[in-house]
S.K.: 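I'd like to ask you about the structure that follows.
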Amino acid sequence: MPDRLPGVPSGPPGLPELLDLDRRHVWHPYGPMPGTVPPLLVESASGVRLRLAREEHGRRELIDGMASWWSAVHGYGHPALDAAVTGQLRRMSHVMFGGLTHEPAIRLAERLVAVTPAPLRHVFLADSGSVSVEVALKMCLQFWRSAGRPEKRRLITWRGGYHGDTWHPMSVCDPDGGMHALWSGALPRQIFADVPPAGFEAPVEAAYAAGLRELIARHAHETAAVIVEPVVQNAGGMRFHSPGYLRVLREACDEHGVLLVFDEIATGFGRTGAFFAADHAGVAPDVMCVGKAMTGGYLSMAAALCTERVAAGISRGEVPVLAHGPTFMGNPLAAAVANASIDLLLGQDLVQRVRGIESALRAGLAPAAGLPGVRDVRVLGAIGVIQLDHPVDMAAATRAAVEAGVWLRPFGDLIYTMPPYVTDDDDLAAICAAMRKAAVAG
Ligand SMILES: *Cc1c(COP(=O)(O)O)cnc(C)c1O
């Protein structure tokens with residue numbers, strides 16, 4: 001036992017002590033310090049259920065409608081994923097990636113190249129989604145610097161996006177949601193198009209498409225890349241748009257000499273009903289980020305993939321290396337479980353499975369359209385959204401969902417689910433019922 005910190009009680013602390021320590025010392029996402037809303041303490045998780053350390057609002061177990069921020073697609077304690085981690089643990093948990101390599105990372109790169117759009121051939125493993133976006137953007141800026149065009153270092157995106165919480169990703173998040181006003185003068189100033197018109201099935205709006213082309217043409221001389229979340233804008237508002245806009249972006253980028261980055265960290269690995277959202281459009285980006293579901297939610301790992309052209313461009317430059325190398329790059333445990341997770345996805349009819357979830361969510365959420373305070377109900381793949389006409393009362397909505405036996409994490413004016421793919425129809429119905437209750441309460 002290490003020496004105790006002063007003021008920290010000894011022994012296995014009881015629940016009140018744990019929660020008090022949490023409140024005093026642990027900084028939770030998007031929260032103040034000390035925290036104001038007590039989090040629920042999870043003791044264990046199995047299948048699609050979180051087991052709480054104590055009963056909360058009459059529930060000890062919650063169906064996880066969030067899949068741990070969209071990552072635990074196979075649920076918790078999956079035998080194949082457990083075996084991959086423990087098997088790798090017996091060999092080695094980590095070695096540095098500079099000058100060394102290992103089979104789990106090599107096999108992961110092989111799989112990622114195989115499942116992503118064909119021109120993507122090179123894989124940079126990062127330790128989180130935000131870092132993979134940093135790397136993707138560094139690749140793009142360095143590509144142009146190496147080509148003797150260092151002035152091409154701005155980025156174009158559309159409003160309503162989310163690309164992570166580190167600095168460069170923050171600069172391409174939605175300016176309001178990303179709190180750009182707070183950071184004005186500090187964040188790099190990027191170039192924003194309007195939010196893409198809503199609707200996966202909606203026809204491409206000619207005026208919006210023309211605006212995109214015009215913006216790219218006008219700023220191409222100073223722009224390294226366009227970066228977007230394809231088909232679904234996730235944490236920026238759970239909005240769906242036509243894959244047609246991705247084709248517009250691809251054409252305009254090619255015409256004006258701008259790179260195209262797809263951030264598939266949320267949409268990748270089946271979530272939207274295709275293996276990657278780019279597949280809906282039949283479009284390949286120059287650089288692509290994947291993360292979240294890549295390890296089945298077991299460990300933190302993400303990747304930035306690029307084409308031969310991008311890699312060759314960088315490697316021809318005055319500084320012919322990509323100067324990036326996280327300490328835990330290529331972590332063997334994470335790579336091993338990512339390989340097992342991808343194999344599980346490839347070993348089933350994933351599109352069919354996600355379509356099944358989509359039907360269940362459509363059926364379960366349709367009645368929400370008639371509820372008071374509901375502005376919109378939308379479903380795409382394994383994503384179900386109830387949008388209110390007012391900001392959600394987070395505490396009330398969360399409580400209503402917990403009372404209904406479901407874990408949800410609403411934000412903004414949205415109550416949504418991105419459940420594990422292994423959620424059965426009864427549990428999907430329970431998630432939808434809880435979302436309807438949360439919509440009324442929140
Ligand atoms: C979650 C997310 C990120 C950031 O990933 P982290 O692993 O949380 O750093 C980036 N882009 C998109 C689209 C995301 O959904």
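This is a predicted model, so every value here is computed, not measured. Atoms within each ligand, like the ligands themselves, are counted from 1 in listed order.
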S.K.: Have Q387 and R378 got a donor and an acceptor in their side chains that come within less than 3.5 Å?
M.R.: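 Side chains of Q387 and R378: pair found under 3.5 Å.
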S.K.: Could you name the protein residues that come within less than 4.0 Å of ligand 1, counting only heavy atoms, and order them by chain and residue number?
M.R.: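 Residues W70, S128, G129, S130, Y162, H163, G164, E229, D263, I265, A266, K292 each place a heavy atom under 4.0 Å from ligand 1, listed by chain and number.
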S.K.: According to salt bridge (charged side-chain N to carboxylate O under 4.0 Å, His left out), who are the partners of E134, at least two apart in sequence or on a separate chain?
M.R.: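 For E134 there are no salt bridge (charged side-chain N to carboxylate O under 4.0 Å, His left out) partners, ignoring immediate neighbours.
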S.K.: For I342 and M294, work out which heavy atoms get closest and say how close.
M.R.: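 Of all heavy-atom pairs spanning I342 and M294, the closest is CG1-O, 4.4 Å.
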S.K.: Tell me, yes or no, whether the heavy-atom count around F328 atom CZ, taken from other residues, nucleotides or ligands under 6.0 Å, exceeds 12.
M.R.: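 Result for CZ/F328: open.
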S.K.: Anything under 3.5 Å between a donor and an acceptor, one on a side chain of residues 77-85, the other on a protein residue two or more places apart or in another chain? List them.
M.R.:
residue: H78; atom: ND1; partner: A80; partner atom: N; Å: 3.0
residue: D82; atom: OD1; partner: Y298; partner atom: OH; Å: 2.5

S.K.: Can you name the ring-ring contact (aromatic ring centres under 6.0 Å, His included) partners of Y421, sequence neighbours left out?
M.R.: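 Once residues adjacent in sequence are excluded, Y421 has no partner under the ring-ring contact (aromatic ring centres under 6.0 Å, His included) criterion.
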